[in-house]
2 protein chains.
Amino acid sequence: MNKVEQILKILSDKNRLRIYKMLEAKRCCVCEIAYVLQIKQPSVSQHLKKMKDAGLIMSEQEGLWTNYYLTPTSQPYEKILLSVLSEWLGSDEIIQKDIEQIKSVDREMIPKE
Amino acid sequence: MNKVEQILKILSDKNRLRIYKMLEAKRCCVCEIAYVLQIKQPSVSQHLKKMKDAGLIMSEQEGLWTNYYLTPTSQPYEKILLSVLSEWLGSDEIIQKDIEQIKSVDREMIPKE
DNA sequence: CATCCATATAGGCAGTTGCCTATATAATAA
DNA sequence: TTATTATATAGGCAACTGCCTATATGGATG
């Protein structure tokens, strides 16, 4: 039950749901996500840390950038749960705009606060 | 997204997950749930209120007792999500004990504090 | 009516959350 | 090395959570 509870807790936050869907669309760095969510970079880092600790996402260094991406889950229940959530969220307007935006954003061009 | 978020938030609590599975097993009154969860009656009432506000459960008066039961959902995504969660939780030891206990408990015989 | 009983509500408290600003870290570039 | 840049971490703060105790509510019964 703890694993279920943990995943539900992690995903029961609007911004983390948005992050999840963005990472589904493409690998993202912290500043891209911060730009789309319109919150400060440290807040994004904290969300990503929680999601990473829960095993939902992973990261890879690319120079100065850290690219985050979804963990390819093999656990059947988790897999199904996430895909249902993903589909459900797919019909959300904000999510749709996020995906559009994250796909077109250029990480080199993001104004630095 | 708000609906998704709300449901995830409601279910991201261990005791509420246990309540959900108990109500799946049978209609329960507050004192039965309090007995199984080993928490005080007001705490159970509060959990139930939240779950009811989220539309997850409903209640019906039966004399002094209030019987709670799962809302028959027609919303497809919610339905699938809940059934996946339910299956996943079905393999949990604590949940299994809860179900056994809630099925055999006699509401007339619960020691009053 | 008055009492009893199951449940609901109010209020308090400690722990958690999500955001922020300030600062540290680590990789790159000059 | 020093400066720059992206990210991580620390610390603070207001809001929220889940539990408790005390009390209110309302149906059932004598």
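Values below: every heavy atom of this structure, side chains too, minus hydrogens, waters and symmetry copies. Per chain, numbering begins at 1; letters A, B, ... match sequence-line order.
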Do [X] side-chain atoms and [Y] backbone N/O form a donor-acceptor pair below 3.5 Å?
{"X": "B:K3", "Y": "B:A54", "result": "yes"}
{"X": "A:T73", "Y": "A:E78", "result": "no"}
{"X": "B:K50", "Y": "B:I10", "result": "no"}
{"X": "B:K52", "Y": "B:I57", "result": "no"}

Would you list the protein and nucleotides 27-30 of chain C atom pairs, both N or O, that sit under 3.5 Å from each other?
none

Tell me: [atom1] of [X] to [atom2] of [N], nearest whole Å?
{"X": "B:E5", "N": "D:dT17", "atom1": "CD", "atom2": "C1'", "value": "15 Å"}
{"X": "B:L37", "N": "D:dG18", "atom1": "CG", "atom2": "P", "value": "13 Å"}
{"X": "B:N67", "N": "C:dA6", "atom1": "CG", "atom2": "P", "value": "13 Å"}
{"X": "B:I33", "N": "C:dT7", "atom1": "CD1", "atom2": "P", "value": "9 Å"}
{"X": "A:E60", "N": "D:dA6", "atom1": "CD", "atom2": "P", "value": "19 Å"}

message: At 4.0 Å (heavy atoms only), tell me whether A:K50 reaches a base, stays on the sugar-phosphate, or touches nothing.
response: sugar-phosphate
- request: Tell me, please, which residues at least two apart from A:S83 pass side-chain contact (heavy atoms from CB on, under 4.5 Å).
  value: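 So A:S83 forms no side-chain contact (heavy atoms from CB on, under 4.5 Å) with any residue.
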query: Of all residues at least two apart in sequence or in a different chain, which pass the side-chain contact (heavy atoms from CB on, under 4.5 Å) check with A:D53?
result: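 For A:D53, the residues satisfying side-chain contact (heavy atoms from CB on, under 4.5 Å) (neighbours in sequence not counted) are A:K49.
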task: Please check if any side-chain donor atom of A:E24 sits under 3.5 Å from a side-chain acceptor atom of A:S86, or the reverse.
output: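 Per modelled atom types, A:E24 and A:S86 side chains form a pair under 3.5 Å.
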message: Under a 3.5 Å cutoff, is there a donor and acceptor pairing between the side chains of B:N67 and B:E62?
response: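 B:E62 and B:N67 do have a side-chain donor-acceptor pair below 3.5 Å.
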Identify every side-chain donor-acceptor pair in residues 93-103 of chain A under 3.5 Å, counting partners at least two apart or on other chains, and give the distances.
| residue | atom | partner | partner atom | Å |
| --- | --- | --- | --- | --- |
| A:Q96 | NE2 | A:G90 | O | 2.9 |
| A:D98 | OD1 | A:R18 | NH2 | 3.0 |
| A:D98 | OD2 | A:R18 | NE | 2.6 |
| A:D98 | OD2 | A:R18 | NH2 | 3.4 |

message: With a cut-off of less than 4.0 Å, is there a side-chain N or O of B:K40 near OP1 or OP2 of D:dA22?
response: no
query: Would A:E32 and A:R27 pass as an ion pair if we require N to O under 4.0 Å?
result: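 A:R27 and A:E32: not salt-bridged.
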query: If you find the nucleotide of DNA chain C closest to B:E108 and the one closest to A:H47, which residue's nucleotide is nearer the 5' end?
result: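 The residue mapped nearer the 5' terminus is B:E108.
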What are the atom names and distances for every N/O pair under 3.5 Å that joins the protein to nucleotides 8-14 of chain C?
| residue | atom | partner | partner atom | Å |
| --- | --- | --- | --- | --- |
| C:dA8 | OP1 | B:Y68 | OH | 2.5 |
| C:dA8 | OP2 | B:S45 | OG | 2.8 |
| C:dA8 | N7 | B:Q41 | NE2 | 2.7 |
| C:dA8 | N6 | B:Q41 | OE1 | 3.3 |

task: Please work out which residues in residues 8-20 of chain B have a non-hydrogen atom less than 4.0 Å from an atom of DNA chain C and list them by number.
output: none
field: Audit row: B:L17, A:L8, side-chain contact (heavy atoms from CB on, under 4.5 Å) steps and yes/no
entry: CA-CA 10 Å; B:L17 286 175; A:L8 292 176; 4.0 Å; yes
